[in-house]
Amino acid sequence: MSDILRYHAEQLFAHELEELKKQDQEKRPHNWLLSPQSVVTYLIGGKLKNGFEVTPKYIGSRRLMEISVATLATDRALLLYGLPGTAKSWVSEHLAAGISGDSTMIIQGTAGTSEESIRYGWNYARLLAEGPSKNALVETPVMRAMQDGKLVRIEELTRIGADVQDTLITILSEKTLPIPELNSEIQATKGFNVIATANNRDKGVNELSSALKRRFNTVILPMPDSMEEEIDIVRRRVESFEKIMDLPAEKPALEEIRRIVTIFRELRNGVTLDGKTKLKSPGATLSTAEAISVVNSGLALAAYFGDGTLKAADLAAGIIGAVVKDPVQDKLVWQEYLETVVKTRDEWKDVYRACRDLV
Ligand SMILES: Nc1ncnc2c1ncn2[C@@H]1O[C@H](COP(=O)(O)OP(=O)(O)OP(=O)(O)O)[C@@H](O)[C@H]1O
Ligand SMILES: [Mg+2]
């Protein structure tokens, strides 16, 4: 068990789900592991009546989580929409874990996703030997979720071709999956629903048809509101990464995380925190997820090639890598920021030096 690189949410937080289930006094929708109220507690965190502490998974608006959970209790599916790195996949995984106790029914949407990977496929050896039969059918996660009354997750829905996306219309409106070859169908069991994610930055996406759009409630996940919220997200995620990776490094000082988050927020918003200096923004989305990665790779550098404490020099390469995605435009933006902002801050001299040496 301990060799697994990444556990599913329901494995990692099994004890929390167990405790929430025990303490749950509210009504549960059919086939739900927890009541909607408890699912929100699982997502947002909180203290149970018996003092048990539930850790927050999503840091941000409670209302957004309530809307998401309530949607999944209706006949409409849920679309989590937003910029890259705003925790859409993360929330989708935890919603599936909290509601169905199973986040593994997942389809990764790509330009190559076919109808067969949404509806069902055929095991051709069997099909040839036995003819069309239930045994020759290859079940997809959607089909299994319909049978078991669970949630199915579709990642990056808008990357799937529009014609293939529309396969979902019958599934979502009639709650049935026809199998004409067998002259039969799969009728969804209560508890079945779909959580899709899509980001609004990608090029070459396929907009949902209005028929499909009408079957989804869209919840937009925003970038973290405040600086403190963003620091909190980075700190928590970095701590759990450290545990998993077993790094021989000290916990990163909150000060380092604050600096990274400051740089990211200033460049993202195109203005310094004090509102005095206008800045150019780079083309890349500087999401919280990127800030988490920068600190994580900094920690690995510090652990293996430094003295075990995170320093500006360990972070510099990561910061530049995140900001400068385009070698010409972004580089200018970064250099300007370095010279007009970083250089002028007395307590940032180490960052300035470390970054200047790398440009
Ligand atoms: N508000 C938040 N609360 C908790 N974690 C967050 C938050 N925002 C970002 N994260 C963290 O950011 C990381 C990346 O999130 P995730 O992969 O879910 O992004 P995404 O929105 O699916 O991005 P993409 O569009 O690129 O797929 C996760 O590890 C998640 O923990
Ligand atoms: Mg994602």
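Start at 1 with the first residue, then count along the sequence. All ligand and atom numbering here is 1-based and tracks the order in the structure.
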field: Flag for Glu19-Gln23: side-chain donor and acceptor within less than 3.5 Å
entry: yes

statement: Hits for ring-ring contact (aromatic ring centres under 6.0 Å, His included) against Trp90, two or more places apart or cross-chain, chain-then-number order -> His94

- request: Check each of Met223, Arg268, Lys325 against Thr285 using the side-chain contact (heavy atoms from CB on, under 4.5 Å) test, and report the only one that passes.
  value: Met223

task: Could you find the nearest protein heavy atom to atom 11 (C) of ligand 1 and give me its residue, atom name and distance?
output: Ile292 CD1, 3.7 Å

- prompt: Hey, does Ile59 come in under 3.5 Å of ligand 1, counting only N/O atoms on both sides?
  reply: yes

query: Nearest protein heavy-atom contact for atom 13 (C) of ligand 1: which residue, which atom, what distance?
result: Ala289 CB, 3.8 Å

field: salt bridge (charged side-chain N to carboxylate O under 4.0 Å, His left out) assessment of Glu228 paired with Arg258
entry: CA-CA 9 Å; Glu228 297 314 314; Arg258 180 176 293 275; 3.3 Å; yes

field: Identity and distance of the protein heavy atom lying nearest atom 29 (O) of ligand 1
entry: Arg237 NE, 3.1 Å

- prompt: Could you give all pairs that pass the salt bridge (Lys or Arg N to Asp or Glu O under 4.0 Å) test and reach residues 184-193, with sequence neighbours left out?
  reply: none

message: Evaluate Thr110 against Thr113 for side-chain hydrogen bond (donor to acceptor under 3.5 Å, both in side chains), listing each step before the verdict.
response: CA-CA 5 Å; Thr110 68; Thr113 303; 3.2 Å; yes

query: Do side-chain atoms of Asn269 reach the backbone of Arg265 as a donor and acceptor pair under 3.5 angstrom?
result: yes

message: Distance alone, cut at 3.5 Å: any donor-acceptor contact between the side chains of Asp102 and Ser100?
response: no

message: Checking Glu10 against Ser103: is there a side-chain donor and acceptor pair closer than 3.5 Å?
response: yes

- line: shortest atom 21 (O) of ligand 1-to-protein heavy-atom contact is with Lys88 NZ, 2.7 Å

query: Can an N or O of Glu156 be found at a distance shorter than 3.5 Å from an N or O of ligand 1?
result: yes

- prompt: At what distance is the nearest protein heavy atom to atom 16 (P) of ligand 1, and which residue and atom is it?
  reply: Ala87 CA, 3.8 Å

task: Could you check atom 2 (C) of ligand 1 against the protein and tell me its nearest heavy-atom contact, residue, atom and distance included?
output: Ile233 CD1, 3.4 Å

query: Are any of the N or O atoms of Thr288 closer than 3.5 Å to those of ligand 1?
result: no

query: Is it the case that Gln165 and Ser209 place a side-chain donor and acceptor less than 3.5 Å from each other?
result: no

field: Contacts of type salt bridge (Lys or Arg N to Asp or Glu O under 4.0 Å), residue Arg345, not counting sequence neighbours
entry: Glu266

- request: Say whether Gly60, considering both its backbone and side-chain N or O atoms, lies within less than 3.5 Å of an N or O atom on ligand 1.
  value: no

- prompt: Which residue supplies the protein heavy atom nearest to atom 4 (C) of ligand 1, what is that atom called, and how far is it?
  reply: Lys57 O, 3.2 Å

message: With a cutoff of 4.0 Å, is Pro224 in contact with ligand 1, counting heavy atoms of the residue only?
response: no

message: One pair to check against side-chain hydrogen bond (donor to acceptor under 3.5 Å, both in side chains): Thr55 and Glu16. What are the steps and the verdict?
response: CA-CA 8 Å; Thr55 56; Glu16 288 191 7; 2.8 Å; yes

statement: Among non-hydrogen protein atoms, atom 17 (O) of ligand 1 lies closest to Ser89 CB, 4.2 Å

- prompt: Quick one: do the Ser92 and Arg153 side chains pair a donor with an acceptor below 3.5 Å?
  reply: yes

message: Show the atoms of ligand 1 that are less than 4.0 angstrom away from any heavy atom in Asn199.
response: 25 (O)

field: Distance filter under 2.8 Å, centred on the Mg ion (ligand 2) - protein N, O or S atoms that pass it
entry: Ser89 OG

